[in-house]
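Below you'll find the structure, written out as structure tokens, and then a few comments.
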Amino acid sequence: MYFRPGIVFITILLICFVSGLNGDIKKSPVDILPGNIMDWKMKDEPEIYKGDDLFLYINGGADIYQEYGFKEVYSVEYEKEGTGRISVEIYNMDDPVSAFGIFSFKTEGKWKESRNGNLYCPEDYYQNILAGNYLIIITSIDVNEETKKGVRIFRKIFEEKISGNSPIPRIINLFNQEKFKKRIYFEGDLGLMNIYNLISTELGITNGAAGINDNNISLILNYNNGKNIRSNFSSLIDLLKIEDRYSEFVSIDGGVNFLDRKKNVIYATTLDRYIVIYIGEKLDEGRIIAKQISDEISLIK
Amino acid sequence: MGEKISRRSFIKTGAVLGASSILLYEFPKKIYSSPKVYPDISVVSGTDYYDNTIKAVASLGGMNKYVGRGSKVAILANPQRPNPGAFTSPLVVSAIINMCLEAGASSVTFISWLPVKAWEATGLKHAVEKSGGILEIVDLREESFFKTVPVPEGKVLKEARVMKKLFDHDLLINVPVTKDHLGNKFTGTMKNLMGLNSPKSNRTFHKSDWKTNRKSIIHLDQSIADLNTIITPALSVVDATEFIITNGPFGPGELLKPQKVIAGTDRIAIDSYCCQLWGLKPEDIVMIKKGFEHGLGKMDLSGMKISEIAL
């Protein structure tokens, strides 16, 4: 049997490194951040930003983290001489659902499952990992083949060190993964606004999910405000009718069909305890998607 | 062996030259006195981002149209994060410094409250110093570096806290990188001016308790537009060479590489142009609409003269 010496060497190093750390995320992310990862050396001590100070770290980018529920972030940079830099950021969110929310927002639902139950999303020069309360972002700052390779190695190492239960909220599973290119979980107006600018007044939802394809966006809105779903639906439609960007409202099959300013067809209806809104090109497509979501609700029940 | 000139081509060339001479002779004053009409926005694309920047400003009439001899120039660039596509390109910055110095500026100073670490990590500190610029950084937590400035036209922002150093200069050149922004969907010239306002004041743009309901989102956009009513850059040069179109403003995110540099003085028009580079519509960006409502510029580009050059 033939072994490539380079691969054997890296594997041995990885095993030694991982077993040597024996870390536990419950201590603190700082405790599991190694000084060196193979030839990659930590440049400075990790920076830590807690609560409101996130604003000092990422300025206006902080709002969306706060909407999902943010606790603290650890940020550190590694450098390999003559190769480049890799940054590692570990965001500690309020709970696994908050962490999933920001993870789904950043990865747009293109995640894969790791052997240890984490979720991860590999991109060309960076990777997002979800592990329980933690979102870990590993980025090749100086983008080249060596730093990209480094990012892949880092992911394996951090995945071994940080694992946690990453439950996927029920509402996002109402979008069948095979039928939607992107799936995003949101908890407020800012998350929704970044997907589709539905309404210019406060929506008051508890949470929601979006299923996105090239030519359509579908939204599921969940209200936990004590009112029944038909009452929430009527209020929402009344608010949408006030907006000058929507027109041609027609009641249809217990739902409402109308157009936005760009002449997108919008179909809104209620399913179980949710409001479902389709924004796309064809009313029939909206009805089909509503039926699919209805089927998923029945399956989950 | 030299190229053989045929009799026919000789006559043809001679005829053209002759006609030109006559035209120049007959109408020299008319030709040389007609005022040059410059574009409202200049867009230059190409793989050399330094050259794109030089050409973009040259197309507007050159840097000496904005920078007087002996003037002190303040520059606002964006070194926010070294992630690809999240900061102003050092090549764009170098080109601007060189143009300002050639125009006779006595100093070209980058003012910022972002830490020197950010300037180093992005390569911007090196670019500024190597090109003969000056980098002046103030402590972001020290409010004494900022001055209270009333915002008389502000709809929600009544007072800003502007970096005192700005007032030591004769003009400001705004050099943002355009990119995605999860708070506003878009960032460009208008949003970049928050880099001159104190972080403590900027924090008030975002509603307390991190509320992210519609009112708070609009409050942020209105605050940015209000801030723009008290600071008018002499020139804006936007880096749209490589930038993130997801997960902004910090990244990492999906990169778009239009390799463009956009220059002009109408910040609303420039932002309206930039957001369309990745399929956004100006009328959907609340900040741009609010800036337009303040009369800061034009949102409708159809009547504007936009020069687009590919190098």
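Within every chain, numbering begins at 1; the chains are lettered A, B, ... in the order of the sequence lines, protein sequences first and strands thereafter. Treat the numbers as computed from the prediction; the structure is a model and nothing was measured. Computed from heavy atoms alone, side chains included, the values below leave out hydrogens, waters and symmetry copies.
For the atom pair B/Glu283 CD and A/Arg261 CZ, the distance stands at 7.0 Å (nearest 0.5 Å). Atom-to-atom distance recorded for B/Ile218:CD1 and A/Asp189:CG is 9.5 Å, nearest 0.5 angstrom. Atom CD of residue A/Glu108 and atom OG1 of residue B/Thr246 lie 6.0 Å apart, to the nearest 0.5 angstrom.
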- Give the C-alpha distance, both sets of side-chain angles, the deciding distance and a yes or no for side-chain contact (heavy atoms from CB on, under 4.5 Å) between A/Lys43 and B/Lys117. CA-CA 12 Å; A/Lys43 280 185 74 184; B/Lys117 194 176 170 183; over 6 Å; no
- Check step by step if side-chain contact (heavy atoms from CB on, under 4.5 Å) holds for A/Asp52 and B/Arg203. CA-CA 10 Å; A/Asp52 255 21; B/Arg203 181 67 186 82; 3.6 Å; yes
- Hey, mind stepping through A/Asn59 and B/Gln80 against side-chain contact (heavy atoms from CB on, under 4.5 Å) and telling me if it holds? CA-CA 9 Å; A/Asn59 311 139; B/Gln80 191 172 28; 2.7 Å; yes
- What's the verdict on side-chain contact (heavy atoms from CB on, under 4.5 Å) for B/Leu182 and A/Tyr65, showing C-alpha distance, side-chain angles and the deciding distance? CA-CA 10 Å; B/Leu182 296 175; A/Tyr65 283 87; 5.7 Å; no
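Within the 4.5 angstrom heavy-atom criterion, atoms from both the backbone and the side chain of A/Ile58 approach chain B. Residue contact with chain B, scored on non-hydrogen atoms closer than 4.5 Å, involves the side chain of A/Tyr125 exclusively. Of the atoms belonging to A/Arg85, it is side-chain heavy atoms, and not backbone ones, that fall under 4.5 Å from chain B. The contact between A/Ile141 and chain B is made by backbone and side chain atoms together, counting heavy-atom distances below 4.5 Å. Only the side chain of A/Ser75 comes within contact range of chain B, with at least one heavy atom under 4.5 Å from a heavy atom of that chain. Neither the backbone nor the side chain of A/Gln127 comes within contact range of chain B; no heavy atom of the residue lies under 4.5 Å from a heavy atom of that chain. Of the two parts of A/Asp142, neither the backbone nor the side chain holds a non-hydrogen atom closer than 4.5 Å to a non-hydrogen atom of chain B. Only the side chain of A/Leu56 comes within contact range of chain B, judged by heavy atoms closer than 4.5 Å.
Summarising the geometry of A/Lys106 relative to B/Gly251, their closest heavy-atom pair is NZ-O, 4.5 Å, with the distance given to 0.1 Å. Among all heavy-atom pairs drawn from B/Asn83 and A/Thr139, the shortest one is OD1-CG2, 3.4 Å. When all heavy atoms of A/Gly61 and B/Pro249 are compared, the closest pair comes out as CA-CD, 3.6 Å. What you find for A/Tyr57 and B/Phe250 is that their closest heavy atoms are O-CE1, 3.3 Å. Residues B/Asn247 and A/Tyr126 approach most closely at ND2-OH, 4.2 Å, considering heavy atoms.
Within 6.0 Å of the CZ atom in B/Phe292, the count of heavy atoms belonging to other residues, nucleotides or ligands does not exceed 12. Annotation for B/Lys298: atom NZ does not count as buried by contact number, only 12 or fewer foreign heavy atoms lying within 6.0 Å. Crowding of A/Lys148 atom NZ: a count of heavy atoms from other residues, nucleotides or ligands under 6.0 Å exceeding 12. Enclosure of atom NZ in B/Lys164 by more than 12 non-hydrogen atoms of other residues, nucleotides or ligands within 6.0 angstrom is indicated. No more than 12 heavy atoms of other residues, nucleotides or ligands shown are found within 6.0 angstrom of NZ on A/Lys112.
Contact of the B/Glu254 side chain with the A/Glu123 side chain is not registered, since no non-hydrogen atoms from C-beta on lie closer than 4.5 Å. Looking at heavy atoms from C-beta onward, A/Met193 lies in side-chain contact with B/Ile217 at the 4.5 angstrom threshold.
Salt-bridge formation is detected for the pair A/Glu89/B/Arg81: a Lys NZ or Arg NE/NH1/NH2 atom is positioned less than 4.0 Å from an Asp or Glu carboxylate oxygen. Salt bridge absent: A/Arg245 and B/Asp284 never bring a charged side-chain N and a carboxylate O closer than 4.0 Å.
Of the possible polar contacts, none joining the A/Asp63 side chain to the B/Gly183 backbone as a donor-acceptor pair under 3.5 Å is found. No donor-acceptor pair closer than 3.5 Å links the side chain of B/Asn213 to the backbone N or O of A/Glu202. With B/Lys215 contributing its side chain and A/Thr201 its backbone, the two residues share no donor-acceptor pair below 3.5 Å. Judged by distance alone, with hydrogens and angles left aside, the side-chain atoms of B/Arg214 form a donor-acceptor pair with the main-chain N or O of A/Ile199 at under 3.5 Å.
No other option in B/Pro252, B/Gly253, B/Ala121 has as many heavy-atom pairs under 4.5 Å with chain A as B/Pro252. Considering only heavy-atom pairs separated by less than 4.5 Å from chain B, the leading option among A/Asn194, A/Leu203, A/Asp44 is A/Asn194. The candidate from B/Leu220, B/Asn184, B/Leu255, B/Val286 with the greatest count of non-hydrogen atom pairs under 4.5 Å with chain A is B/Leu255. Contact count against chain B (heavy-atom pairs under 4.5 Å) is highest for A/Ser200 among A/Gly204, A/Gly188, A/Gly191, A/Ser200.
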